[in-house]
Structure formats: structure tokens, C-alpha cells
There are 2 protein chains.
Amino acid sequence: MELSLKIKMNEKLFLRNPEETELGRKIIQHGIVLIHKIGFEAFTFKKLAEKITTTESGIYRYFENKHRLLIYIVDWYWSWQEYRIIYHVYNVKNPEIKIKKTIQLLSAYVKDDMTTDYINEKLLYEIVMCEGAKSFLTKHVTEDNKAKLFKPYKDLCARIAGFIKEYNPKYKYPNTLASTIIEMAHSQKFYMQNLPSLTDFGGEKDEKKLVAFLEELVF
Amino acid sequence: MELSLKIKMNEKLFLRNPEETELGRKIIQHGIVLIHKIGFEAFTFKKLAEKITTTESGIYRYFENKHRLLIYIVDWYWSWQEYRIIYHVYNVKNPEIKIKKTIQLLSAYVKDDMTTDYINEKLLYEIVMCEGAKSFLTKHVTEDNKAKLFKPYKDLCARIAGFIKEYNPKYKYPNTLASTIIEMAHSQKFYMQNLPSLTDFGGEKDEKKLVAFLEELVF
DNA sequence: TTTAATAGATAGTAATACTATTATTAATAA
DNA sequence: TTATTAATAATAGTATTACTATCTATTAAA
């Protein structure tokens with residue numbers, strides 16, 4: 001990711017850059033709203049086209065298929081999360097504090113943060129929670145990975161692994177622990193809302209216990 | 001789950017019991033083979049029908065849709081894993097050994113174990129690794145959960161949480177830790193094979209390091 | 001001003017996810 | 001035994017999905 005507010009996206013994700021045109025930004029903005037509303041399975045380009053008064057083929061000129069659009073918005077989310085972490089940890093020397101801050105940022109309920117005009121971070125966060133794994137749980141993971149489509153997720157993981165290495169250079173599984181933190185912050189949140197018996201924080205509205213659990217796991 | 005070798009499946013999962021007929025068993029057996037081969041997205045009842053020389057509508061008489069078939073086989077897998085754990089932990093008193101055995105069973109590469117004639121556990125294990133999460137990552141989780149379609153997964157989680165409580169009755173997050181173990185045993189395995197930079201055991205063929213990681217996490 | 005690129009609208013196609021109907025076979029009652 | 005009913009199998013049909021292709025209108029650059 002780039003350290004500017006504008007997140008540079010992998011060019012292989014789209015046929016034409018959606019950031020550059022009105023229609024492109026509408027596709028992203030309302031794509032997020034619609035996927036959030038009806039779920040990725042029921043989401044189609046035709047339905048999205050109706051919402052933004054364009055045609056199916058209009059959207060196909062930007063994205064090859066709906067899966068690429070999903071990866072696009074999920075990638076954007078991970079880059080945004082990494083940006084937030086870098087921002088909040090800036091000038092912090094103590095690696096323990098860096099890790100704690102990271103856990104908090106990943107576990108907290110996200111609100112639409114208004115730094116980006118056409119992306120609703122709250123909805124995006126819920127999409128990543130419910131549909132995020134579908135971006136790589138496919139028969140074409142390997143090709144997609146070669147095309148660097150999952151780079152933002154891997155970058156975030158590597159950054160957190162870096163904090164863990166700073167904290168304890170001898171620890172043998174920094175990457176595994178980092179991906180565990182990211183994944184658990186999201187999937188336990190999904191369980192809390194949908195399958196509470198898989199957690200110990202069923203139905204609770206705040207994330208304090210989840211943060212406590214993750215901190216215990218790490219330290 | 002029932003303690004017999006025959007796993008009793010939730011009746012809401014099917015329209016007619018696939019265990020009771022030749023065609024039904026073929027649907028399960030070749031359904032597993034085909035989902036493993038082409039992935040759940042590309043899998044259709046028509047393609048499966050061709051493989052077992054029946055018709056699409058023949059399969060629809062057993063399962064409402066392909067998602068129900070997925071839940072059926074994923075549920076079978078979790079019940080089978082719980083059965084294996086109960087079996088291997090039988091007469092063991094020490095909760096630490098119980099947990100270690102559980103971690104080993106969940107992390108080990110599964111081979112087709114031949115106790116069941118028409119289900120290939122090795123393929124099923126890989127399906128759960130790649131497609132398992134899709135059984136509950138839907139807009140209808142809540143209804144499915146009310147219909148108890150995820151009971152085998154929750155039972156397994158509760159059993160492992162029980163071991164954790166035995167080991168340390170004061171620990172505050174037994175269910176969360178249990179679901180973390182189950183999930184990480186499967187998703188880290190997926191990463192090892194497909195996105196190795198998210199782990200510290202990239203490309204390795206055995207699960208020793210994964211077991212060590214999970215044990216460090218718990219103890 | 002001409003050309004070239006872009007956007008928009010329309011139509012078309014193969015495959016998917018089903019449903020409904022008809023045909024066939026098996027089981028049971030008169 | 002025959003007639004009736006019931007269960008199962010096969011066939012056909014439909015709306016939607018996931019695209020592709022074509023044609024026209026508009027805008028922008030040379």
C-alpha cells in the first residue's frame with residue numbers, strides 16, 4: 001500500500017479504473033451497499049446496474065466479473081486497515097503497545113469514517129466479516145495469488161508479524177500468529193452476531209472481551 | 001452426534017434420506033468427489049447427475065439445493081471429527097493430554113479411513129478446508145442456525161471447550177479458544193497450501209509446526 | 001475537421017437453478 | 001386377478017445469471 005490517503009489498487013483487478021470516473025465510483029459505492037444488503041451470492045451486475053441507472057455491460061467495462069469487484073473492495077479494506085494501524089502506531093516505540101493498538105483497531109466496530117467520500121467503511125467492514133473469505137476460497141486462488149490480488153492482506157499480516165518480531169525476536173510463528181489475530185478479530189465478530197455459542201461474548205455489543213481474549217492469546 | 005458409527009444427520013437437511021437408497025449414497029459419494037474436483041461454485045446438480053447417470057430432478061428429490069448438500073457433508077465431517085476425538089480420548093483422565101490429542105487429530109492430514117464405505121474422508125477434509133466456511137457465510141445463517149443445521153460444529157466446539165474448562169476452570173474464554181483451535185487448524189492448513197506467506201510453515205508437508213503453534217497458543 | 005477513443009443501449013447466448021408434467025414401475029386393496 | 005393408488009424416474013420447460021457482441025451516440029485529441 002501507498003502512504004497516501006488515496007489507496008493505489010492493483011491494476012489487474014479492473015478493466016478500467018473505477019476511481020477515475022463518476023460511473024466507476026458509483027459502482028464501488030453502490031456495489032458495497034448492495035453486497036451488504038443482499039449478500040454476495042444474490043448480488044448481480046444487473047441488479048447493481050438498476051440501482052445506479054446504467055446497464056450491465058456498463059459495469060462489465062470496469063470489472064471482469066463480480067468476484068473481481070469483491071476482491072477490489074476487500075483489498076481496499078485491508079489497505080485501509082493497514083493505513084489506520086500505521087497512522088495510530090506512528091512514533092510509538094514500544095512493540096507491546098503497537099500490538100495492543102493493532103488488536104483494538106482490528107476488533108473495534110468500524111464506523112463510516114468520512115475520510116473517503118464514496119466508501120462506507122462500516123458496511124465494508126461487515127462485508128469483509130461475512131464475505132471476505134470468499135475472495136480467496138476459490139479454485140483459482142493460486143493464479144489470483146500470482147497476480148498479487150491478495151497483496152494488501154499479506155502486507156497487513158507481514159506488518160503485524162513485524163511488531164510481533166520486535167516484541168519477541170525469538171518467537172517462531174510471527175506470521176501465523178499475525179494471521180490468526182486478523183482472522184479471529186473478524187470471524188469471532190461474525191460468531192458473536194450469528195452463532196454466539198461458538199464464543200464467550202454472545203450478543204454483546206462491545207468488543208472489550210474479544211480484545212482481552214486476543215491480548216491473552218498474544219502475551 | 002450419536003455414539004454409533006452411523007452418524008445421525010439432521011432431517012431438515014434433506015428431503016429424502018440419502019443413506020437409505022443406492023442413489024442417495026451415490027449422491028453423497030460422488031458429490032464429495034465432484035465438489036472436491038471442481039469447487040463448490042462450479043458444482044451443479046446437473047454435472048453430478050451426469051456422473052452417476054441419473055437426472056437433475058433425481059437429485060432434487062433428495063436435496064433442496066446444493067447448499068443443503070454442502071451443509072450435509074460438512075456436518076457429517078464435524079460429527080466424524082467429534083467421534084474420532086471421543087474415541088481417542090476415551091479413558092484419558094488428564095485434560096492436557098485430551099487437548100493435545102484433539103489438536104493433533106484436527107491438524108493431521110486426513111486419510112480415507114475406510115470405516116465408512118462410501119465417504120472419502122480425505123476429500124471431505126479438503127472440502128471442509130476450502131469450502132467449509134461457505135456453509136454458514138450466507139444471508140440465511142440465522143434461519144439455518146435455528147433449524148440446528150450447524151449443531152455438529154457447535155457440539156464439537158462445546159466438547160473441546162469442555163476439555164479446556166477441565167484443564168483450567170477459571171479460564172474465561174473456553175468457547176472462543178475452542179472455535180479458534182478448530183478454525184485455525186483448518187484455515188492455516190489452507191494457507192500452508194495456497195498462501196504460504198501468511199504462515200511460518202509454508203509448503204511443509206507435515207503438520208508438526210502447526211500442532212506446536214496451537215499447543216503454544218493454548219498452554 | 002477528422003479520427004479515434006469512450007460510453008451507452010440493445011440484443012443475444014449458454015449455463016444455472018429450479019419447477020411442473022408426464023411416463024413408468026411397484027405396492028396394495030377389491 | 002384386476003384395479004387403484006402411490007412412489008419414482010425421466011422429460012420438458014422457465015426465469016435468472018453471467019456473460020458477449022453489436023450498433024449508435026458522445027466526447028476528446030491530433
Side-chain angles (χ1 to χ4, degrees), chain A residues 11-31 34-35 37-73 118 131 134-135 137-140 143-144 149, chain B residues 11-31 34-35 37-73 131 134-135 137-140 143-144:
Chain A
E11 299 207 342
K12 282 174 190 147
L13 281 172
F14 47 77
L15 302 170
R16 83 182 335 256
N17 194 339
E19 284 173 298
E20 282 170 5
T21 66
E22 182 65 28
L23 179 59
R25 287 185 292 269
K26 266 187 173 176
I27 290 169
I28 302 302
Q29 181 180 5
H30 291 88
L34 194 57
I35 291 173
K37 190 178 173 190
I38 65 177
F40 185 65
E41 270 69 48
F43 171 83
T44 69
F45 279 177
K46 198 177 183 185
K47 288 173 189 166
L48 177 57
E50 275 159 31
K51 294 271 175 188
I52 56 181
T53 48
T54 182
T55 54
E56 236 182 320
S57 58
I59 298 168
Y60 275 108
R61 239 176 275 119
Y62 286 83
F63 289 97
E64 235 178 293
N65 52 54
K66 69 175 185 171
H67 189 254
R68 286 293 163 109
L69 173 59
L70 179 69
I71 300 180
Y72 183 96
I73 63 174
Y118 62 93
E131 325 276 3
K134 293 172 192 168
S135 65
L137 293 179
T138 65
K139 276 280 157 185
H140 45 87
E143 296 115 88
D144 288 356
L149 304 193
Chain B
E11 299 206 342
K12 282 175 190 148
L13 281 172
F14 48 76
L15 302 171
R16 90 183 326 262
N17 194 338
E19 284 173 298
E20 280 169 7
T21 66
E22 183 65 30
L23 179 59
R25 287 184 294 268
K26 267 186 171 175
I27 291 169
I28 303 302
Q29 182 181 4
H30 291 89
L34 194 57
I35 291 172
K37 190 178 173 189
I38 64 176
F40 185 65
E41 270 70 46
F43 171 82
T44 68
F45 280 176
K46 199 178 183 185
K47 288 174 190 166
L48 177 58
E50 276 160 30
K51 293 271 176 189
I52 55 180
T53 51
T54 184
T55 54
E56 234 183 324
S57 60
I59 299 168
Y60 274 107
R61 238 174 286 117
Y62 287 83
F63 289 98
E64 234 178 294
N65 52 55
K66 67 175 187 171
H67 189 254
R68 286 292 163 110
L69 173 58
L70 179 69
I71 300 180
Y72 183 96
I73 64 172
E131 326 276 5
K134 293 171 193 168
S135 64
L137 292 179
T138 65
K139 276 280 157 186
H140 45 88
E143 297 115 88
D144 288 355

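Annotation for B/Lys66: atom NZ counts as buried by contact number, over 12 foreign heavy atoms lying within 6.0 Å. In B/Glu11, the CD atom is not crowded: 12 or fewer heavy atoms of neighbouring residues, nucleotides or ligands sit closer than 6.0 Å. Within a 6.0 Å radius of NZ in A/Lys47, other residues, nucleotides and ligands contribute more than 12 heavy atoms. The environment of NZ in B/Lys139 is crowded: more than 12 heavy-atom neighbours from other residues, nucleotides or ligands sit within 6.0 Å.
In this structure, B/Lys26 atom NZ and D/dA9 atom C1' are separated by 14 Å, rounded to whole Å. For the pair A/Phe63 CZ and D/dC19 P, the computed distance is 14 Å after rounding to whole Å. Protein atom CZ of A/Arg68 is 15 Å distant from nucleotide atom C1' of D/dC19, rounded to whole Å. Whole-Å rounding puts the A/Phe45 CZ to D/dT16 C1' distance at 16 Å. One can place OH of B/Tyr60 at 18 Å from P of D/dT11, the figure rounded to the nearest angstrom. The distance between atom CD of A/Glu20 and atom P of D/dA28, rounded to the nearest whole Å, is 14 Å. In this structure, the CZ atom of A/Arg16 is 13 Å from the C1' atom of D/dT27, given to the nearest Å. Here the P atom of nucleotide D/dT8 and the CD1 atom of B/Ile59 are 16 Å apart, to the nearest Å.
Side chains of A/Tyr118 and A/Glu19 form a contact here, defined as non-hydrogen atoms less than 4.5 Å apart. Between B/Arg16 and B/Thr21, some side-chain heavy-atom pair lies under the 4.5 Å cut-off. No side-chain heavy atom of A/Phe40 sits under 4.5 Å from any side-chain heavy atom of A/Leu69. A/Leu137 places none of its side-chain heavy atoms less than 4.5 Å from the side chain of B/Glu41.
The span of DNA chain C lying next to chain B, judged by atoms under 4.0 Å from heavy atoms, is bounded 5' to 3' by C/dT16 to C/dA20.
Counting non-hydrogen atoms under 4.0 angstrom, A/Glu64 reaches the backbone sugars and phosphates but no base. As judged by a 4.0 angstrom heavy-atom cut-off over every strand, B/Lys46 is placed among residues making no nucleic acid contact. Residue contacts for A/Thr44: at a heavy-atom cut-off of 4.0 Å it reaches the sugar-phosphate backbone alone, with no base atom in range.
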What nitrogen or oxygen pairs link the protein and nucleotides 13-15 of chain D at under 3.5 Å?
none

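Contact check, A/Lys47 against D/dT16: no side-chain N or O comes under 4.0 Å of OP1 or OP2.
Residue order along DNA chain D, read from the 5' end via each residue's closest nucleotide, puts B/Leu23 first among A/Asn65 and B/Leu23. Comparing A/Glu41 and B/Arg61 against DNA chain D, the residue whose closest nucleotide sits nearer the 5' end is B/Arg61.
Considering only side-chain atoms of A/Ser57, the nucleotide from D/dT20, D/dA9, D/dC19 that sits closest is D/dT20.
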- [ ] Would you sort out whether B/Leu70 and B/Phe43 count as a side-chain contact (heavy atoms from CB on, under 4.5 Å), showing the intermediate values?
- [x] CA-CA 10 Å; B/Leu70 179 69; B/Phe43 171 82; over 6 Å; no
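The backbone N or O of A/Thr53 sits nowhere less than 3.5 Å from a side-chain atom of A/Lys26 that would complete a donor-acceptor pair.
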